[in-house]
Participant: 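One structure is given below, represented as structure tokens, and several questions about it will come after.
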Amino acid sequence: NRNVMFSIFSREKKILGLHITEEFIRYALVSKSAKENKVISLGEEKIARVEPRNALLSALRNVLRKTEQRNAHLSFPPDFVRTETVSVAFGASKKDVLNQIEFRLKERLLLSHGESVLYFEKFESVNNKDFYNVFISSAENVDFLKSVFVNSGLSVKKIISTKDALLASCVKTGEIVNTMVLNADTRRTDIAIFSPFNRFRGISSFSEREKVPSLIKDTYQDFYNISRDKVGYFFVCGLFAKEPSFINFLSRETRLPVQEADVFCNFYFKSGEVPVVTREESLVYAVALGTAIS
């Protein structure tokens, strides 16, 4: 029956996007189908300043209880779980892939003693090589996270870099103009650049707000030096983006067309539907939203 087959392939699925830092878990529960993404709920769970494992475990359990969802995509700060790109022989068996990845990382001096691979995922195949995004942290952190996930009942489907999460939430699908996305939070500034023809590494910095314009200009210059191309759009999200004065400050200091991001640009809302949070409040959930739909 054609209609039955169609309903199977078009079925919506719920995914929980978790943006996990040492201070909080911001979460986005979304419904995904082949045609559209819908927001079900957004929220933040503070992580208490107590014994780390128990604090994260408690916060995760609270999120799972509130959302009633266990299938999740995760993102972490780059200084806690960093990303490297590795190529291995085309068509290697799943069992052999991890061995090849670890060999390549050590060969390129990218995996130091005491570090371990948390997660890896293939993103393309070129010239008889498979290319993987590899997520690395200390062996202690990897063991810690895996233990927390198991004990909380969380089912981790994917790990997403902060860069890819920001681009997924703030850059409209089908965009062809080079776009810089800035996530400005209290303790960290993350920058991601979308380009149809260039892969540009994400930037993460512990920057005071006064130094953010310099970070933008330096990143812009680096991108131009590599690509010989300019950035057309500059979008800002994060806690500081809720302050119009901050965006005006960035525009004035950089002399670039900086504007507030639309973190719902790849989500569908029915006519007249009231979003689960205001546009202003939504700006802090860019990473969680992008993590969910990546």
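Atoms considered below: every heavy atom in the structure, side chains included; atoms not considered: hydrogens, waters and symmetry mates. Only a predicted model underlies this, so the values are computations on that prediction, with no experimental measurement involved.
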Participant: Would you tell me whether Ser205 and Arg188 have side-chain atoms, one donor and one acceptor, within less than 3.5 Å of each other?
Facilitator: no
Participant: Please answer whether the main-chain N or O of Ala286 pairs with a side-chain N or O of Ser169 as donor and acceptor at a distance below 3.5 Å.
Facilitator: yes
Participant: I need the Ser152 OG to Leu57 CG distance, nearest 0.5 Å.
Facilitator: 6.0 Å
Participant: Are the side chains of Leu18 and Ser75 in contact, using a 4.5 Å heavy-atom criterion?
Facilitator: no
Participant: Please indicate whether Glu208 has more than 12 foreign heavy atoms, meaning atoms of other residues, nucleotides or ligands, lying under 6.0 Å from its CD.
Facilitator: no
Participant: Roughly how far, to the nearest 0.5 Å, is CG of Leu111 from CD1 of Ile101?
Facilitator: 11.0 Å
Participant: Give the cluster check for Val277 versus Val287: same hydrophobic cluster or not, with ILVMFWY residues linked at side-chain heavy-atom distances below 4.5 Å.
Facilitator: no
Participant: With a 6.0 Å cut-off on the ring centroids, do His19 and Phe76 count as close?
Facilitator: no
Participant: In terms of side-chain geometry, is the basic nitrogen of Arg187 or Glu22 positioned less than 4.0 Å from the acidic oxygen of its partner?
Facilitator: yes
Participant: So do the side chains of Phe249 and Pro213 get within less than 4.5 Å of each other, counting heavy atoms only?
Facilitator: yes
Participant: Can you see which heavy atom on Asp130 is nearest to which on Ala92, and at what distance?
Facilitator: OD2-N, 4.3 Å
Participant: Using modelled atom types and a 3.5 Å cut-off, is there a donor and acceptor pairing between side-chain atoms of Thr83 and backbone atoms of Val81?
Facilitator: no
Participant: According to the interplanar angle, ranging from 0 to 90°, do the rings of Tyr132 and Phe120 count as parallel (below 30°), tilted (30 to 60°) or perpendicular (above 60°)?
Facilitator: perpendicular
Participant: Among Thr219, Val181, Leu167, Ile226, which residue satisfies the side chain to side chain contact (heavy atoms under 4.5 Å, CB included) criterion with Ile193?
Facilitator: Thr219
Participant: Do you reckon Ile25 sits in the same ILVMFWY cluster as Leu118, going by side-chain contacts under 4.5 Å, direct or chained?
Facilitator: yes
Participant: Quick one: does Asn141's side chain have a donor or acceptor within less than 3.5 Å of a partner on Ser137's backbone?
Facilitator: no
Participant: Are any of the side-chain nitrogens in Glu84 or Arg82 under 4.0 Å away from the carboxylate oxygens of its partner?
Facilitator: yes
Participant: Are Tyr27 and Thr67 packed together at the side-chain level, in the sense that at least one heavy-atom pair is separated by less than 4.5 angstrom?
Facilitator: yes
Participant: Assess whether side chain to side chain contact (heavy atoms under 4.5 Å, CB included) is satisfied between Val39 and Leu42, documenting all intermediate values.
Facilitator: CA-CA 8 Å; Val39 182; Leu42 296 169; 4.0 Å; yes
Participant: Is there a chain of hydrophobic side chains (I, L, V, M, F, W, Y, each step under 4.5 Å between heavy atoms) that links Ile191 to Val212?
Facilitator: yes
Participant: Answer with yes or no after comparing the ring centroid distance for Phe267 and Phe269 against a 6.0 Å cut-off, counting only values under it.
Facilitator: no
Participant: Would you say Glu107's side chain and Arg104's backbone share a donor-acceptor pair under 3.5 angstrom?
Facilitator: no
Participant: In this structure, are over 12 heavy atoms from other groups packed under 6.0 Å from Glu121 atom CD?
Facilitator: yes
Participant: Take the angle between the ring planes of Phe131 and Phe123 and call it parallel below 30°, perpendicular above 60°, tilted in between.
Facilitator: tilted
Participant: Counting N and O atoms only, with roles assigned by atom type, does the side chain of Asn178 sit under 3.5 Å from a partner on the main chain of Lys230, one being a donor and the other an acceptor?
Facilitator: yes
Participant: Looking at CG of Leu283 and OG1 of Thr278, how far apart are the two atoms once the value is rounded to the nearest 0.5 Å?
Facilitator: 8.0 Å
Participant: So, are Lys172 and Asp262 salt-bridged, with charged N and O less than 4.0 Å apart?
Facilitator: no
Participant: Counting distance only, does the side-chain N/O of Ser147 pair as donor-acceptor with the main-chain N or O of Asp143 below 3.5 Å?
Facilitator: no
Participant: To the closest 0.5 Å, what do you measure between NZ (Lys14) and CZ (Arg70)?
Facilitator: 14.0 Å
Participant: Quick one: does any side-chain atom of Glu243 pair with a main-chain N or O of Ser245 as donor and acceptor, under 3.5 Å?
Facilitator: no
Participant: Would a distance-only check, ignoring hydrogens and angles, find a side-chain to backbone donor-acceptor pair under 3.5 Å from Ser251 to Ile247?
Facilitator: yes
Participant: Would you kindly say whether Ser112 and Glu115 are connected by a side-chain donor-acceptor distance under 3.5 Å?
Facilitator: yes
Participant: Hey, are the side chains of Phe144 and Leu56 touching, using non-hydrogen atoms and a 4.5 Å cut-off?
Facilitator: yes
Participant: Considering residues, nucleotides and ligands other than Arg108, do more than 12 of their heavy atoms fall under 6.0 Å from its CZ?
Facilitator: yes
Participant: Tell me, with the steps shown, if Glu273 and Lys38 meet side chain to side chain contact (heavy atoms under 4.5 Å, CB included).
Facilitator: CA-CA 11 Å; Glu273 181 181 355; Lys38 299 176 184 176; over 6 Å; no
Participant: So do Phe234 and Pro257 actually touch side chain to side chain, heavy atoms under 4.5 Å?
Facilitator: yes
Participant: Does the distance from a Lys or Arg side-chain N to an Asp or Glu carboxylate O, for Lys46 and Glu44, drop under 4.0 Å?
Facilitator: yes
Participant: Does Asn127, at its CG atom, have more than 12 non-hydrogen atoms belonging to other residues, nucleotides or ligands within less than 6.0 Å?
Facilitator: no
Participant: Does the pair Arg279/Glu281 count as a salt bridge with the N-to-O cut at 4.0 Å?
Facilitator: no
Participant: Looking only at side chains, do Asp164 and Ser161 share a donor and an acceptor under 3.5 Å apart?
Facilitator: yes
Participant: Are Val134 and Val97 connected, step by step, through hydrophobic side chains (Ile, Leu, Val, Met, Phe, Trp, Tyr) whose heavy atoms are closer than 4.5 Å?
Facilitator: yes
Participant: Looking at residues at least two apart in the chain, or sitting in another chain, which of them share a side-chain contact (heavy atoms from CB on, under 4.5 Å) with Ala89?
Facilitator: Gln100
Participant: Output the distance between atom CD1 (Ile47) and atom OG (Ser58), rounded to the nearest 0.5 Å.
Facilitator: 9.5 Å
Participant: Please check this pair: side chain of His73 against backbone of Thr291, looking for a donor-acceptor N/O pair closer than 3.5 Å.
Facilitator: yes
Participant: Tell me, do Phe149 and Leu60 make a side-chain contact under 4.5 Å, heavy atoms counted?
Facilitator: yes
Participant: Is there side-chain contact between Leu166 and Cys237, with at least one heavy-atom pair below 4.5 Å?
Facilitator: yes
Participant: When you group the ILVMFWY residues by side-chain heavy-atom contacts below 4.5 Å and let the links chain together, are Leu289 and Ile40 in the same group?
Facilitator: no
Participant: Could you check whether Asp229 and Asn198, counting side-chain N and O atoms only, form a donor-acceptor pair closer than 3.5 Å?
Facilitator: no
Participant: Taking NZ, NE, NH1 and NH2 as the nitrogens, is one of them in Arg26 or Glu45 under 4.0 Å from a carboxylate oxygen of the other?
Facilitator: no
Participant: Could you walk me through whether Phe264 and Ser282 pass the side chain to side chain contact (heavy atoms under 4.5 Å, CB included) check?
Facilitator: CA-CA 8 Å; Phe264 290 139; Ser282 72; 3.6 Å; yes
Participant: CG/Asp79 to OG1/Thr21 distance, rounded to the nearest 0.5 angstrom?
Facilitator: 10.0 Å
Participant: Angle between ring planes, Phe223 versus Phe200, binned at 30° and 60°: parallel, tilted or perpendicular?
Facilitator: perpendicular
Participant: Tell me whether Arg209 forms a cation-pi arrangement with Phe240, defined as NZ or CZ under 6.0 Å from the six-membered ring centre and within 45 degrees of its axis.
Facilitator: yes
Participant: Quick one: does any side-chain atom of Asn266 pair with a main-chain N or O of Val171 as donor and acceptor, under 3.5 Å?
Facilitator: yes
Participant: Please indicate whether Lys211 has more than 12 foreign heavy atoms, meaning atoms of other residues, nucleotides or ligands, lying under 6.0 Å from its NZ.
Facilitator: no
Participant: Verify the neighbour count for atom CD1 of Ile176: are there more than 12 heavy atoms of other residues, nucleotides or ligands below 6.0 Å?
Facilitator: no
Participant: Asp190 and Thr162: side-chain donor and acceptor closer than 3.5 Å?
Facilitator: no
Participant: Taking the side chain as every heavy atom from C-beta outward, state whether Thr254 and Lys217 have any atom pair closer than 4.5 Å.
Facilitator: yes
Participant: Determine, step by step, whether Thr179 and Phe235 satisfy the side chain to side chain contact (heavy atoms under 4.5 Å, CB included) criterion, reporting the C-alpha distance in whole Å, the side-chain angles of both residues, the deciding distance to 0.1 Å, and the verdict.
Facilitator: CA-CA 8 Å; Thr179 304; Phe235 296 138; 3.6 Å; yes
